[in-house]
Amino acid sequence: MVAQSWKRPDLADQPYLKKLNDELHDLRLDAGLPSARAIRDRVGKDAHDYWIVNHQAVLDTFQKPDLPLWGRLELIARVLAEFARHSDVDAQVDRFKTLWKQVVRETVAQASVHPPANTTASAGDGGNATASSEGLPKQDAGAPSGQPAEEPPADKKTPTNANQDSAQFNYAHESLKGLILNAAQALWHDKDALRVFLGVVRRSEGFVRMADAAEEQRPANATFYGVKSREFDVDRSPARLELVTLHRRLDEHRLKRKWSFTDMEEQTGISSDAWIRWYTHDELPEREALVAFSHMASLTHEDHVLLLGLWDAAHDALEVQQRTASLPSSISFDEAWTMRDPAAPRLWALAGVGGENLAAYGPDLASGTAPAFVVAGPAKSGRSTALVNIARSLLASGTQLALATPRPSPLRELTDRDGVVACFDQDDIGHDELEEALSVASAGEPLVVVMDDAEVLGECDAQHVLRNLLEHGFDEGTALVLAGDEGKLGPSYPWLGKAKRAHRGLLLSPQERHAGDWIGIKTGDSVLGRPLALGGGWLHLGDGKLMAVTVPR
């Protein structure tokens, strides 16, 4: 298929949006004019196998004369910068964020009006027609456009303290504009309520232009004098992606049928107040409400299943967040050790504390699909600390250890402990050296290799020994616990790839979408991309459930 350039929207009256759109088209040209589906494929799917940005949304971002959502624009700009092989992809994304903010500021500015110069003139540029219809004085028809009408008599002129009064009026005026814009944003999904509200706003001729602009395009949260108006702010949901997708699908069906929230109450039996709250506060609707909506809207089986699937995804993400909020912010190893199951098997390892009853959890390295456990996370996320906990718990149960620390690691402090048979502190491990260390292992006297910075040892001389350990460790009484940088662990290293077959592990502050692959589970946006937070992690023990845990320090 021949690459094609896309039609650009007419944005002559919106210079900042035009610049943003032109720059986006130019970036696509630099990237070799990839198709919408190619961009969609590169952005990828979420944890529940839905496209994060479908190809029509990609086309709309380029071709519609509207300001795109920042989240969508950010993903598309990043993909195009990667296609174009820019040396600094993040810098390109930051450049588009700056352009996007300029458009937002332009939108708010165009929707704003200036306060009246005196009590008889119109309060804003867009108020002339309304002023005439309400019997207010019009601009002198004989005066040229853009010039003031005849100067009022001397006894009607502004007093000497006009500057002070004007400043006080401007502050109140700007505050009121902020409230109006934020209220319009909160009512955006209920067009009936929005129309009534803006009709009231238009009664003050000074706000006619702003009301017209707010009806055509959803305004951003307003600011005035550097103070953000928070009257209609709500907390962002931890399941943001899942909820936004669910609300968008509901909105598509609602708008297709031209239902207001009042209509939805009549159709579903669920109060309009509940529908409005779920939309404006990014809350999860009740499952029964979705079933009723699907029934009343006569949705196809596929659409019905999709809505309920999105609900399940959002519900799971919210539950994960709730469990995280109930965890202790910090806990010592000794405290966590007392929370373990006294009947835990010998090769059980302490990974973290969590669950409804707040207990110690970790893998049994003598069972599962492979004798391995992976700790993955970015640099400075606490991987080494997690490994030390695992090593201490294994030593406490009488298990032998062989430590591998190609870089400086707190794990080296355990070298002199009873039960540690070897410590490899170079950026390579010899084939014969590792075989000798493993030779003391047996079913009755197991040995676990605990390895930090595993990506450094991906091509070590002992890679065949490590691969054999992962294939036959259950029979030979050996197992492997490894930690590595989620962005550097390479599945191209055969023995590292085999560690993934264990389908279990601990994620620490995951940033990459593929991070969950190392522990056998997909991760959604409610887990990814958070700031580095020592002490918190996500544990998967091969049962398909991702558990929020506190990692002992």
Side-chain angles (χ1 to χ4, degrees), residues 320-342 344 347-365 373-397 399 401 403-420 423 425 448-454 480-486 489 504-511 515 518-519 523 527-541 546-553:
V320 166
Q321 177 64 17
Q322 290 170 358
R323 290 196 296 269
T324 304
S326 65
L327 293 175
S329 58
S330 178
I331 192 170
S332 68
F333 175 84
D334 292 337
E335 289 177 291
W337 186 245
T338 63
M339 298 179 181
R340 76 189 189 285
D341 182 355
L347 281 181
W348 179 86
L350 173 60
V353 171
E356 294 180 0
N357 298 324
L358 203 61
Y361 287 89
D364 176 10
L365 297 173
F373 185 79
V374 178
V375 179
K380 301 186 184 302
S381 60
R383 299 190 309 257
S384 298
T385 300
L387 277 188
V388 169
N389 292 325
I390 290 173
R392 289 181 63 185
S393 64
L394 290 170
L395 288 173
S397 61
T399 301
L401 299 184
L403 309 179
T405 58
R407 292 174 180 160
S409 167
L411 206 58
R412 293 180 180 178
E413 298 176 7
L414 304 179
T415 302
D416 297 330
R417 294 281 188 96
D418 292 339
V420 177
C423 182
D425 57 4
V448 178
V449 176
V450 182
M451 179 184 297
D452 205 354
D453 299 304
L480 173 67
V481 177
L482 65 90
D485 190 320
E486 63 181 29
L489 284 172
R504 58 188 176 185
L506 179 67
L507 289 183
L508 302 173
S509 301
Q511 306 295 310
W518 284 100
I519 66 170
T523 52
V527 172
L528 296 173
R530 298 185 177 189
L532 295 185
L534 294 177
W538 303 91
L539 179 65
H540 180 230
L541 295 176
L546 194 63
M547 177 190 297
V549 295
T550 296
V551 179
R553 296 188 179 183

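Excluded from the calculations below are hydrogen atoms, water molecules and symmetry mates; all remaining heavy atoms, backbone and side chain alike, are included.
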Q: Nearest 0.5 Å please: distance from the OG atom of S384 over to the CG atom of D453.
A: 6.0 Å

Q: Do V450 and L414 touch side chain to side chain, with heavy atoms closer than 4.5 Å?
A: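 Not in contact.
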
Q: Give the minimum heavy-atom separation between R412 and P406, together with the two atoms involved.
A: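 Minimum heavy-atom separation between R412 and P406: NH2-C, 3.9 Å.
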
Q: Any chance you could measure T405, atom OG1, to L411, atom CG, to the nearest 0.5 Å?
A: 6.5 Å

Q: Between R504 and G362, is there a donor-acceptor pair closer than 3.5 Å when you use the side chain of the first and the backbone of the second?
A: no

Q: Please tell me if the side chains of R553 and L534 come closer than 4.5 Å, counting only heavy atoms from C-beta onward.
A: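 When only atoms from C-beta onward are counted, L534 and R553 do touch, with a gap below 4.5 Å.
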
Q: Walk me through whether V549 and V353 qualify under side chain to side chain contact (heavy atoms under 4.5 Å, CB included).
A: CA-CA 5 Å; V549 295; V353 171; 5.9 Å; no

Q: Quick one: pull up OG in S409 and CG in L403 and give me the separation to the nearest 0.5 Å.
A: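 Interatomic distance, S409 OG to L403 CG, rounded to 0.5 Å: 8.5 Å.
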
Q: Is there side-chain contact between D418 and L395, with heavy atoms separated by less than 4.5 Å?
A: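 Not in contact.
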
Q: Distance from S332 atom OG to N389 atom CG, nearest 0.5 Å?
A: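 One finds 9.5 Å between OG of S332 and CG of N389.
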
Q: Can you tell me how far CG of L539 sits from CZ of F373, rounded to the nearest 0.5 angstrom?
A: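 If I round to the nearest 0.5 Å, the distance is 5.0 Å.
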
Q: Under the salt bridge (charged side-chain N to carboxylate O under 4.0 Å, His left out) rule, collect the residues that match up with R340, sequence neighbours excluded.
A: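 R340 satisfies salt bridge (charged side-chain N to carboxylate O under 4.0 Å, His left out) with no residue once adjacent residues are dropped.
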
Q: What verdict does the side chain to side chain contact (heavy atoms under 4.5 Å, CB included) test give for L480 and L365, after you've listed the backbone C-alpha separation in whole Å, the side-chain angles of each residue and the deciding distance to 0.1 Å?
A: CA-CA 8 Å; L480 173 67; L365 297 173; over 6 Å; no

Q: For atom CG of D341, decide whether the heavy atoms of other residues, nucleotides or ligands shown that lie under 6.0 angstrom number more than 12.
A: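 Enclosed.
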
Q: So, for A386 and L508, which heavy atoms are closest and what is the spacing to 0.1 Å?
A: CB-CD1, 4.4 Å

Q: Do V375 and I390 have side chains that approach each other closer than 4.5 Å (heavy atoms only, starting at C-beta)?
A: yes

Q: So, S381 side chain and S509 main chain: donor-acceptor pair closer than 3.5 Å or not?
A: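 Side chain of S381 to backbone of S509: no pair is present.
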
Q: Shortest non-hydrogen contact from A351 to P552?
A: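 Smallest heavy-atom distance, with atoms named: O-CD, 4.2 Å.
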
Q: Which value, rounded to the nearest 0.5 Å, describes the distance between L507 atom CG and H540 atom NE2?
A: 10.0 Å

Q: Got R392 and L401 here, is their nearest side-chain heavy-atom distance under 4.5 Å?
A: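 No, every pair of side-chain atoms sits at 4.5 Å or beyond.
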
Q: Which is it for L350 and F333 under the side chain to side chain contact (heavy atoms under 4.5 Å, CB included) test, yes or no, and what are the steps along the way?
A: CA-CA 9 Å; L350 173 60; F333 175 84; 3.6 Å; yes

Q: Can you see which heavy atom on S393 is nearest to which on W337, and at what distance?
A: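 Shortest heavy-atom separation between S393 and W337 comes out as CB-CZ3, 3.4 Å.
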
Q: Looking only at atom types and distance, does a side-chain atom of R383 sit under 3.5 Å from a main-chain N or O of P378, one as donor and one as acceptor?
A: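 Present.
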
Q: Using every non-hydrogen atom in the two residues, find where A548 and W538 come nearest and quote the distance to one decimal.
A: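 Taking every non-hydrogen atom into account, CB-CZ3, 3.7 Å.
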
